[in-house]
Peer 1: 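Encoded as structure tokens, here's the structure I'll be asking about.
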Amino acid sequence: MNYNWNWGIFFQPNPMGTGTYLDLLLSGLALTLETAVLAWIIALVTGSIVGVMRTLPSKGAYWFGFAYVEFFRNMPLLVQLFLWFFVLPEILPRAAGLWLKQLPNAPFWTASIGVGLFMSARVAVQLQAGIGSLPRGQKQAATALGLTTVQGYRYVLLPMAFRIILPPLTSEFLNTIKNTAVAITIGLLELTGQARSMQEFSFQVFEAFTAATILYLLVNAVVVTGMRILERYVAIPGYITGK
Amino acid sequence: MIEISHVDKWYSSAFQVLKDCTTSVAKGEVVVVCGPSGSGKSTLIKCVNALEPFQKGDITVDGTKVNDPKTNLPKLRARVGMVFQHFELFPHLKIIDNLCLAQEKVLGRGHDKSVTKAMMLLDRVGLKEHAQKFPAQLSGGQQQRVAIARALAMDPIAMLFDEPTSALDPEMISEVLDVMVDLAREGMTMMVVTHEMGFARKVANRVIFMDRGEIVEDAPKDDFFGKPRSDRAQKFLSKILSH
Amino acid sequence: MLGNFDFDVIRRSLPYLFYEGMTFTLTLTALSALGGLIFGTAIALMRLSGYKTLGRIAGLYVDFMRSLPLVLVIFWFYFLVPYIGQWLTGASRPISVGAFASSLITFIMFEAAYFSEIMRAGIQSISRGQPAAANALGLTYAQTMRYVVLPQAFRNMLPVLLTQTIVLFQDTSLVYVLSIPDFLGAASKVAQRDGRLVEMYLFAAFVYFTISCVASFGVRRLQSRIAIIR
Amino acid sequence: MKHFRSIGLALAATFAVSQASAEELTGTLKNIKDTGAITLGFRDSSIPFSYLDDNQKPVGFAMDICYKIVDAVKKELKLDKLEVKLNPVTSATRIPLMANGTIDLECGSTTNNAERQKQVSFTNTHFLTASRYVFKKSSGLKSIDDLKGKTVVSTAGTTNIKQLTEANVAKGLGANIIPAKDHAEAFLMVETDRAVAFVMDDILLASLVAGSKSPDDYAISKDAFSKPEPYGIMLRKDDAPFKKVVDAATAALYTSGEGQKIYDKWFTQKIPPKGLNLNTPISDELKHEFAKPSDSPNPDDYK
């Protein structure tokens, strides 16, 4: 193979003056995680609201939830990011658009919100399925005790539903981390983006991508382990969920 | 205490589950509702605390009209205890928390007061030592006794039982019935959907027989078991008493 | 703001967008789905084969692919495939692989990991009695799989496989990062050349949305029809 | 160094044909002969070097040069037919795609420098340009120092973003540097006020401005990030026979005066898609280079 391997490249200084190439990749990793965590919070909060709406008896709430999920699920994430990043500021009033565009870290905020909303539709579907899998009597029992709908969801249905959907939520969280890589198209220098910069500056394509790959695998392993521990921590004695 | 007058309910325009049902339960009275499956008896009892909506007629509980949109349903339901066929304990909450949840969230009782009340009731159903366990760690009979205690913790003015023993293994039925008999003897107003005719003989004041959504028979206990008037009730009785 | 909307730019670029862009996207989607399904089924069979090493290799492959962002995989393969070709054919220099072939290989390899999980679930959903009955009739392992297990697994999983294909259809837009003119790439080229971002991206969003929506509606209909037949 | 190169070049030009046919074919030439096809890498928006016209076909100054090279290769290999495949590249993908054999010639606006020569080779220089930045007049920028703390965009994988990054460190500007996929996308960032400035080779900036909706809104900085650097058609490293053919073809093209003709076509006349005229007559340095073609990566060799 006609290629100059140079694994020492990681310890050579990067042209950004921020330390070595390894530091460059690690800063990308940090940004990946920050974006993913913020996106995940957005996805969980809005996804839960929409997911609950889809289980309410109200026709209006159901249709809103339905439309929301279809909207965010039927467009490529990349296109959605473009809509938020390039299109939204242009159709806003000029001053608002300008403010939006000149926000410091605009790619970070756009990516977090864009990925977050994209994932929220998936969280909503999972949660709807989780609530749907609970026996109907649970809701009735909560109601019969005099709990309001909000209280019923808060104290009875959601704690159970979230436990049931914890395994699929784990993979959705992993998807969130992976999906932040799409944001290199709007200039977010996360892990894949930094691996690419490293490739461009040092010409060491395969070293850069190998390192990024290893970092993604590590993150994956850490998240999976963490979620397993969480699953065990919230497991209910005697109660077998799913598997 | 409970007035049911001319209640009609349809699931769809074609399928009528309740036809012109009229009956009442006086204070301190124990009424057993029986009938073949699909006769609408569970639906009727669920209409009493508005777990199921109905299209025509009126139900009044302790002077409050259930089907009045102005009625504060959670408040009303909190005063009517309900026990379900499948217990419907909240699996993610310890036994003690199952009993405290609605006391605190609906009645606004302090935590200490709720716990004291809960422990007293658990003691009464003979399950004091299981307070810190989770529902899945208890047998069916124990779970149903917890469910009764949970309903009693709300200081109900009446209790509704929806086939409380039909999901239980035979050897556990009596432990639940014993608790119900005690309750009846203490003067609790009770409406019980059950096939346990022994229980009916022992404590019921009246027996209601339903078939195809209609109240076919509504008679004092002795009359019902002595000389049932309708063919349908006779056939039903001979079937379930034949063994 | 909508006053400045130039619908004409969409009309003028329609032939390019659809003849080149959408053709690329749809061909890539269809071939990747087919390849991913075949390769994915092979991986699923490896995992369920009972040979420990074989199963472990397949499992590692699936976990590996599913841990990486598609964008990174696209870069990897775009740069690596010619070398793999060189290695496979023993040629003296990297094999020249065009943009389309390279994307196709990328998506087949990537999606196979996801399709294999679906097929695995499908195979496992078939009751153990089925292969036992086939064996009792004297069918070999391969015959059992070919005539009894896989057809059932495939039918059971058809809606999920189709849903995954819709996801794949959306994912192909990521070849944008390589400047390959798929539908989105074509739209963005027009958008940037004419400075008509708003129109072109809204139009692209609309097209993707419509196609995905119609397709997922079809899958839902199919699903309910299968549910009735069962 | 320079001396040595011109000797080599002269030798190549003289003996290229006879040598190549006598020897066993290797490398790219062998591959082209075997497959009957050559793959050119082109750019989306390196106007006027390599960009898409109204029919989304790649055209430009560098494309024309590449087609001349293709003719020479065809003749060299005595082929009746040579299929030309086109593959889109970006600044970020061009070098790996050259290394991995996806493309045989990269026809665009790639700066020839010593660092890149470790990865790829270049044929004779076809343009010289310095790195500057474009900005909106309304933003009132003047010097490189005015970029302090601002958001600045450049194209990923270019020498320009590297020079910008280095200047950012050296001058302590603290500018927020965003990489864009291609020049058009980067320019768009400035046009839509996402970034205040776009750092790029001045000729590309000038063409982007000229082609924009309101050219009068923009200005290009006086300050430069670099000396005028040479552009070259890129080819694979360590493939002497192929380079010999390509060098001979370009040298012949430039010295014959045909190079100047092609130059004038793209830089002083109306060009597609919009009939723009860049009005950039050939510089003395480039004229000099055309007279004595060179593939040196050193800017000082072109004075």
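From a predicted model like this one, the values you see are computed outputs, not experimental measurements. Quick note on labels: first sequence line is chain A, next is B, and so on, each numbered from 1.
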Peer 1: Examine distances only and state if a side-chain atom of C:Ser13 and a backbone atom of C:Ile10 form a donor-acceptor pair shorter than 3.5 Å.
Peer 2: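 Yes.
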Peer 1: Non-hydrogen atoms of chain D under 4.5 Å away: do they reach the side chain of C:Tyr16, the backbone, both or neither?
Peer 2: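 Contact with chain D involves the side chain of C:Tyr16 alone.
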Peer 1: Tell me if the centroids of the rings in D:Tyr133 and D:Phe135 come within less than 6.0 Å of each other.
Peer 2: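 Between D:Phe135 and D:Tyr133, which both carry aromatic rings, the centre distance is below 6.0 Å.
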Peer 1: Please rank D:Thr90, D:Leu208, D:Leu97 by heavy-atom pairs under 4.5 Å with chain C and give me the top one.
Peer 2: D:Leu97
Peer 1: Check the orientation of D:Phe187 and D:Tyr218. Use parallel for under 30°, tilted for 30 to 60°, and perpendicular for over 60°.
Peer 2: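 Correct class here is tilted.
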Peer 1: Is the distance from the ring center of C:Phe18 to that of C:Phe183 below 6.0 Å?
Peer 2: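 Here the rings of C:Phe183 and C:Phe18 have centres that are less than 6.0 Å from each other.
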Peer 1: Quick one: are the ring centres of C:Phe100 and C:Phe24 less than 6.0 Å apart?
Peer 2: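 So the answer is yes for these two rings.
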Peer 1: Is it the backbone or the side chain of D:Lys213 that comes under 4.5 Å from a heavy atom of chain C, or both, or neither?
Peer 2: side chain
Peer 1: What parts of residues 47-66 of chain D touch chain C if we use heavy atoms and a cut-off under 4.5 Å?
Peer 2: D:Leu52, D:Asp53, D:Asp54, D:Gln56
Peer 1: Below 4.5 Å, heavy-atom pairs only: which of D:Thr35, D:Thr39, D:Asn100 has the largest tally toward chain C?
Peer 2: D:Asn100
Peer 1: Where on C:Val177 is there a heavy atom nearer than 4.5 Å to chain D: the side chain, the backbone, both, or neither?
Peer 2: backbone
Peer 1: Return yes if a side-chain donor-acceptor contact under 3.5 Å exists between C:Gln170 and C:Ser212, otherwise no.
Peer 2: yes
Peer 1: Using heavy-atom distances under 4.5 Å, tell me whether D:Lys30 contacts chain C through its side chain, its backbone, both, or neither.
Peer 2: neither
Peer 1: Examine whether an atom of C:Tyr176 lies under 4.5 Å from a heavy atom of chain D, and if so say whether it belongs to the side chain, the backbone or both; otherwise answer neither.
Peer 2: both
Peer 1: Name the region of C:Ile95, side chain, backbone, both or neither, that has any atom closer than 4.5 Å to a heavy atom of chain D.
Peer 2: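 For C:Ile95, the contact with chain D is made by the backbone alone.
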Peer 1: Below 4.5 Å, heavy-atom pairs only: which of C:Val190, C:Leu197, C:Val81 has the largest tally toward chain D?
Peer 2: C:Leu197
Peer 1: Test D:Lys181 against C:Ser179 for side-chain contact (heavy atoms from CB on, under 4.5 Å), laying out the working first.
Peer 2: CA-CA 8 Å; D:Lys181 182 174 69 84; C:Ser179 220; 3.4 Å; yes
Peer 1: Checking D:Thr28 against chain C: side chain, backbone, both or neither under 4.5 Å from a heavy atom?
Peer 2: both
Peer 1: At a heavy-atom separation under 4.5 Å, does D:Thr93 approach chain C through its side chain, its backbone, both, or neither?
Peer 2: both
Peer 1: Flag yes if more than 12 heavy atoms outside C:Phe206 fall under 6.0 Å of its CZ atom; otherwise flag no.
Peer 2: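 At most 12 heavy atoms, drawn from other residues, nucleotides or ligands, come within 6.0 Å of this atom.
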Peer 1: Are the aromatic ring centres of C:Tyr208 and C:Phe169 under 6.0 angstrom apart?
Peer 2: yes
Peer 1: Show the numbers, then the answer: is there a salt bridge (Lys or Arg N to Asp or Glu O under 4.0 Å) between D:Lys136 and D:Glu191?
Peer 2: CA-CA 8 Å; D:Lys136 279 196 175 162; D:Glu191 193 174 6; over 6 Å; no
Peer 1: If you take the centroid of each ring, where Trp contributes its six-membered ring, are C:Phe110 and C:Tyr114 closer together than 6.0 Å?
Peer 2: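 Yes.
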